[in-house]
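Report on the structure given below.
These values consider heavy atoms only, across backbone and side chains, with no hydrogens, waters or symmetry-generated copies. We count residues from 1, following the sequence as given.
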Amino acid sequence: MFLSRSTMSFLFLFLLSLALLLHSSSPLPYPYNTSFHIDCGSSTPSTDSYNISWLPDKFFTGGSTSVVSEPLHFHLQHEKTLRYFPLSSGKKNCYNIPLPAGRYYIRTFTVYDNYDGKSHSPSFDASVEGTLVFSWRSPWPESLTRDGAYSDLFAFVKDGQLDFCFYSIATDPPVIASLEVVQIDPLSYNSAQTSDSYILVNYGRLSPGSSQWGPGFTSDPDAFGRSWQSDSDYRAGKSESAKVITTKEKITGTDKAPNYFPMKLYQSAVTIEGRLEYELPVDAKLDYLVWFHFAEIDSTVKKAGERVFDVLVNDKNVSRVDILKEVGSFAAFSLNYTEKNLSSSVLNVKLSPVAGAPLICGLENYAMVPADLATVPEQVVAMKALKDSLRVPDRMGWNGDPCAPTDWDAWEGVTCHTNKNGTGLVITQIELGSQGLKGYISEQISLLSNLINLNLNSNSLDGTLPIGLGQKSLARLDLSDNQFSGSLPESLTSSNLQLVRLNNNLLEGRVPEELYSVGVHGGTIDLSGNKGLCGVPPLPDCPLFWENGRLSKGGKIAIGLSCFLFVAVLLLVIYIFCIRRGRNDYDFGLPSDLISLAAKRNRYQRQKSLMLLEMESQHAKGLPSVPLNPR
């Protein structure tokens with residue numbers, strides 16, 4: 001059977017249209033597969049009843065493990081164990097999780113349950129990527145102390161590692177029972193408008209008409225890992241008696257990029273004759289991103305205009321909604337609104353009827369927490385290198401970002417300031433005197449271009465001073481009472497030092513005059529206790545040709561000149577004794593070969609003369625003659 005060209009073209013277009021229709025109506029597979037579910041305090045992996053695989057505790061910087069006082073009170077294994085961070089681990093501790101750059105949903109479970117028998121719930125803060133996100137203050141409410149609580153947020157990770165950190169208030173040890181991280185669509189929740197400059201902290205994710213559901217609570221899927229809670233505790237006034245309606249019909253427009261809202265969210269709703277009102281607890285002085293979810297799942301509503309209502313946030317009319325007009329029936333419809341500079345502790349949401357009864361399927365409220373300033377990347381590299389090279393003890397809490405969050409103290413002994421253009425934090429001071437340090441100074445210290453004061457006195461540090469030490473910003477340098485060796489780096493002469501204490505080390509070599517001039521120009525310099533230093537008062541003079549355990553510059557010049565003179569003299573001797581003498585022998589004496597040849601000729605002439613005499617004598621006697629050259 002043969003088809004005409006026009007028939008084949010029609011068939012191709014039909015199949016292409018069908019493929020596009022199926023592609024648009026069927027959600028694509030979720031494209032992100034990076035996730036971690038960490039059972040804090042546990043030493044073994046496990047899989048829970050919702051088929052979530054949990055990792056044993058890992059990626060932490062310190063702390064100890066424990067178990068809640070009443071494990072049978074908790075249904076899930078990851079809620080029964082915990083990690084806590086005593087003061088011996090430092091004021092600041094972190095989970096440092098390697099992740100590809102992107103946006104992530106992060107959820108924690110925090111519980112106390114008198115695990116330590118002290119009946120004192122702890123006060124502490126938690127931060128994500130250097131931004132303060134959660135604060136816990138003692139005493140916790142009784143239900144929270146006993147049952148614990150889940151908290152979650154959305155945040156960007158840019159540098160290949162998530163820093164989730166804890167900061168102890170007073171002497172209380174922070175606690176955490178589980179930590180979950182799931183990669184999500186980077187364009188979700190209007191990030192194109194808010195960019196990566198905000199962290200969205202969950203202040204209420206409600207599923208009206210349902211009990212709590214989602215990963216970790218039920219087997220109902222949510223691609224992001226979000227859990228949804230009942231709205232009943234947040235309805236205000238007469239809304240408490242709202243009617244619940246549900247459906248098992250398929251809802252179109254769900255599970256699609258970039259937000260991947262699950263279908264179950266739109267299969268239940270609440271409605272009421274009159275005004276539907278919610279009161280959501282919030283913290284003042286922040287902006288809040290509010291998402292509203294609707295679907296017309298009441299089959300008695302047949303046409304546009306039958307159900308119309310206004311959405312008001314803190315009595316501001318945000319939008320007028322007619323679901324059927326927007327998307328039709330059994331289809332998902334969402335809108336969002338940002339409430340700025342909230343001054344009260346309650347965010348009020350009203351659905352006010354225009355025609356028919358208002359209806360809502362979901363309500364989300366997120367605090368828009370501005371990302372805090374972070375330490376500039378190259379100085380983070382330098383500080384982490386110094387942490388390793390100086391062997392900074394755990395008790396000092398050198399974990400996470402050295403300077404952020406700005407609400408917390410920086411690393412112990414470290415002072416930070418905002419850089420000139422206000423885009424990041426820089427290290428200006430390191431004070432680690434008498435801390436029992438036993439390492440050396442990393443070459444990476446040269447990256448601390450804003451360092452003003454470096455004090456490492458009275459430790460047991462050794463090695464040579466790095467050639468990058470001596471930034472132009474450096475004004476105070478105290479490395480006294482250590483075991484540093486080698487010479488003083490020339491870079492110290494390019495700084496603006498006003499105080500230099502290098503006394504009681506093992507340094508050697510010539511002291512640069514520019515460095516010594518610190519004391520001459522009103523500053524303070526102490527180089528005593530270094531037997532090998534020389535060249536400036538009151539230190540001894542340096543050897544003429546030896547400096548810093550090797551030839552000095554003058555010594556090298558002297559050797560160079562000596563070698564030149566030696567070669568010149570050698571060439572002169574060769575010229576006099578070889579070339580000139582050879583010429584004299586040719587003018588006044590015969591060579592030995594010529595002398596030998598002349599002697600042979602003389603002997604031949606004598607023999608010839610004797611033969612001639614003998615022949616003459618024989619001739620005189622009448623004897624026949626003999627030829628001279630017989631053949």
Side-chain angles (χ1 to χ4, degrees), residues 373 375-376 378-387 389-390 392 396 398 402-403 406 409-435 437 439-459 461 463-482 484 486-505 507 509-530 533 535-537 539:
L373 289 177
T375 307
V376 295
E378 63 270 20
Q379 298 206 11
V380 173
V381 171
M383 292 303 290
K384 289 183 176 180
L386 281 175
K387 175 187 176 182
S389 70
L390 297 176
V392 176
M396 300 191 71
W398 276 36
C403 302
T406 53
D409 293 332
W411 285 0
E412 184 175 341
V414 175
T415 302
C416 305
H417 288 90
T418 306
N419 60 7
K420 290 182 179 180
N421 55 16
T423 58
L425 302 171
V426 293
I427 315 298
T428 57
Q429 181 169 289
I430 299 176
E431 284 273 359
L432 296 178
S434 304
Q435 293 295 334
L437 307 180
Y440 63 95
I441 301 177
S442 168
E443 293 283 353
Q444 301 288 353
I445 197 171
S446 62
L447 298 176
L448 300 181
S449 56
N450 306 92
L451 189 64
I452 298 173
N453 179 20
L454 177 62
N455 180 5
L456 301 175
N457 77 78
S458 304
N459 287 291
L461 301 173
T464 59
L465 301 184
I467 58 175
L469 181 63
Q471 301 85 334
K472 289 185 178 180
S473 60
L474 192 63
R476 301 173 63 86
L477 177 65
D478 189 349
L479 304 179
S480 60
D481 298 299
N482 280 284
F484 291 114
S487 61
L488 300 178
E490 289 293 330
S491 56
L492 287 177
T493 63
S494 63
S495 62
N496 295 308
L497 286 165
Q498 300 170 8
L499 180 145
V500 180
R501 290 198 177 106
L502 301 174
N503 50 296
N504 300 326
N505 279 285
L507 298 169
R510 182 180 298 274
V511 177
E513 293 183 6
E514 297 91 336
L515 180 61
Y516 179 70
S517 67
V518 169
V520 177
H521 294 95
T524 301
I525 185 168
D526 188 348
L527 303 174
S528 61
N530 292 279
L533 290 180
V536 296
L539 302 176

Counterpart residues, side-chain contact (heavy atoms from CB on, under 4.5 Å), relative to E513 (two or more places apart): none
Tell me whether Y516 contacts the main-chain N or O of P537 through its side chain, where contact means a donor paired with an acceptor under 3.5 Å. yes
S528: side-chain contact (heavy atoms from CB on, under 4.5 Å) partners, not counting sequence neighbours: N503, D526
Report the residue from L447, I445, T375, I430 that forms a side chain to side chain contact (heavy atoms under 4.5 Å, CB included) with M383. I430
Not counting sequence neighbours, which residues clear side-chain hydrogen bond (donor to acceptor under 3.5 Å, both in side chains) with Q435? List them please. R395
For E431, side-chain hydrogen bond (donor to acceptor under 3.5 Å, both in side chains) partners two or more places apart: N453, N455
Tell me, please, which residues at least two apart from S442 pass side-chain hydrogen bond (donor to acceptor under 3.5 Å, both in side chains). none
Counterpart residues, side-chain contact (heavy atoms from CB on, under 4.5 Å), relative to F484 (two or more places apart): I441, L461, L465, L479, N482, N505, L507
Could you list the residues that satisfy side-chain hydrogen bond (donor to acceptor under 3.5 Å, both in side chains) with N459, not counting sequence neighbours? none
Using the test side-chain contact (heavy atoms from CB on, under 4.5 Å), find all partners of L497 that sit at least two apart in sequence or belong to another chain. L474, L477, L492, S495, V500, L515, V518
Tabulate below the donor-acceptor pairs under 3.5 Å that side-chain atoms of residues 409-420 make, not counting sequence neighbours, or state none.
| from | atom 1 | to | atom 2 | distance (Å) |
| --- | --- | --- | --- | --- |
| D409 | OD2 | Y167 | OH | 3.2 |
| W411 | NE1 | N399 | O | 2.9 |
| W411 | NE1 | D401 | O | 3.4 |
| H417 | ND1 | T428 | OG1 | 3.0 |
| N419 | OD1 | G422 | N | 3.0 |
| N419 | OD1 | T423 | N | 2.9 |
| N419 | OD1 | G424 | N | 3.2 |
| N419 | ND2 | N421 | OD1 | 3.2 |
| N419 | ND2 | T423 | OG1 | 3.2 |

Side chain to side chain contact (heavy atoms under 4.5 Å, CB included) partner of L448, chosen from I452, L451, N450: L451
